[in-house]
Each structure stands twice: as structure tokens, then as C-alpha cells.
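Whatever order the structure lists them in is the order used to number ligands and atoms, beginning at 1. The structure presented is a predicted model; accordingly, all values stated were derived computationally and were not measured.
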Amino acid sequence: MALVTSKEILKEHDGAVGAFSTYDLFTAQGIVKGGEESGLPVILMIGQPPLNQPGNDYVGQIMVQLAREATVPVCVFLDHSKDYATCMKAMKLGFSAVMIDGSHLPLEENIAITNKVTEAAQALGVSVEAELGALAGIEDGEEAKKAKMTDPSHVEEFLSKTSVDALAVSIGNAHGLYKGEPKLDFERLNTIEEISQDVPLVLHGGTGLTLEQFARGVAIGIRKINIGTEVKTTYIGAFIDTHEKNVSAYDMVGIPQACKNAVTAMVQDKLEFFARGYKALI
Ligand code: 13P
């Protein structure tokens, strides 16, 4: 159907849209198919390190091509770029959205790099996501987590000095597998939502959060949810299971197909919950 920007998807959508990390042809195909099976828009994303691996421009090209041919709206997204050059590279590859992550920088510098990327992106009709407050590390204790959370007093200044299409927040969420039960600061999210008004909010670190946490976040105003690690555990889990069923086959045709199908099922499930299923839990 279409390669669309994140701005188009997030503004029109009821509930939240899932964004899933891509590493190669098979994860990309599995994710797009998950969107098609659910009849919902999907965000196909790749991080800065995998996109910058030698030869992986081709993965970027494949992502754009799959989006163009998909039967549902697909946004092709560069996730967590720390620099301007990778954002430009993604835009040249035809991506429809980029994230410039200046969350590790002082506020003024985060604003400056975000504006530099936004100026180039707007000229090309590409959406921009920024981040305020750094994501906690999975090893961080409660105090360290709190110190890194999005400071609501920065949100108004950041949004008034930039023109981003989405804002990622840090409310106790972390990348990777959580150690113990993750705790999200929904009060903080509520305050940020009131300040940010119609700028869609993004929740990173989706792997390991409970359905109740997703539902509460979406009810408050989360419009995009990132899932990365679960793509990897799903894919590699299916790889090991399929290989172990017939070890001597070294089935380089059947194994990737099984992995792809497992990713499709996971993505379909998540998209449906983020768009509709969450309502049953609020
Ligand atoms: P997880 O790997 O924890 O799902 O987080 C993914 C993410 O937020 C990518 O930006």
C-alpha cells in the first residue's frame, strides 16, 4: 500500500502503533507480514549500529522496498541515531522517519542536534522522533533509574524550541531483558502528556512490559511502542527449535521461514493489542 511517515501513522491512529527492530531480510519480512495479517499500520525500524554494519545499506533498501509493496501502511524508521550523518544516510536510503537521540546531551545540545536533523528531514518530508531523559540500563538501581527519567520541566522548553513529530520518554522503561518486574512511573507520564499536548509520546523498551502496563500507557497517551529484544528472542527461539527437530538437515530454507513466521505471529499479536486489545484492560 504505502511507505508512510510516522507523523501520518501516529496522528491518525487509535491506540498505539508497534515499532519492531529489524536486522535482516527475514526479520523485515516477518514484521511487515505481521502488519498485513493484522490489517494495521506497522513501523519497521533499524538501529544505528546494525544499519552502519558493512553491507547493511542493502537491509535499509529492502526495508523501503517491502514498505512500498505492503498492503498496509508501513513506516521505515531509523532508531536511536546519535549522529546527524546516520540520519542523512537513512533519508538517502528512502526512510520515512528518523530518531535523533540526543538524550545523553545537555538540554541545549539535545535541542540543537534535534533541530539540525529536523531541518533536513522536513525538507524531505521525513518525520523526526527525539528523546528526553535517558533510558535506564537494566542493571540500574531505583535511584539511578529515577535520575535518568524525563524531567517534565524540560518537556515544554524542548517542544517549544523544536518541531518534532514524536517524543520518546523515560519513565522507568529500559532496553533489553528487565531484571525483576519493571516499574513504570505513570504519574510522570500523565504530567508529561498534559504538557506535550498533541505531540505523540513513545515508549521504548517494550520487551518484558506487562499487558496491563502497555494498556495503562496507551490510555494515558503513548502512541508508539518499541519492541526490539522480543524480535530477537522470537527469531532465535524458532531457529533453535526448528534446527533441533532435524539437526542433520541444516535446513537453510525451512529454518528462516519458520523464524519469519514466528516473528509475524508475535508482531500481529502486539499490533492488535496496542490498537484494540488494550481497551479491555483499562
Ligand atoms: P527492547 O529491546 O527492550 O524491546 O527495546 C527496544 C527499543 O526500545 C528500541 O528502541
If you measure from the Lys or Arg side-chain nitrogens to the Asp or Glu carboxylate oxygens, is any gap between [X] and [Y] under 4.0 Å?
| X | Y | answer |
| --- | --- | --- |
| Glu37 | Lys33 | yes |
| Lys89 | Asp57 | yes |
| Lys279 | Asp14 | yes |

Fill in: Per-ligand residue contacts, ligand 1, heavy-atom threshold under 4.0 Å
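Under the 4.0 Å cut-off, ligand 1 touches Met45, Asp79, His80, Ala174, His175, Gly176, His204, Gly205, Gly206, Thr207, Asn226, Ile227, Gly228, Thr229.
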Worksheet entry | Lys148 atom NZ, over 12 foreign heavy atoms within 6.0 Å |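 Correct, the count exceeds 12.
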Item to complete: With sequence neighbours excluded, give me every side chain to side chain donor-acceptor pair (under 3.5 Å) pair touching residues 235-245.
Response: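 Sorted pair list comes back empty.
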Discussion item. What I'd like to find out is whether the side chain of Ile255 reaches to under 4.5 Å of the side chain of Phe26, using heavy atoms alone.
Written reply: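 Ile255 does not reach Phe26 side chain to side chain.
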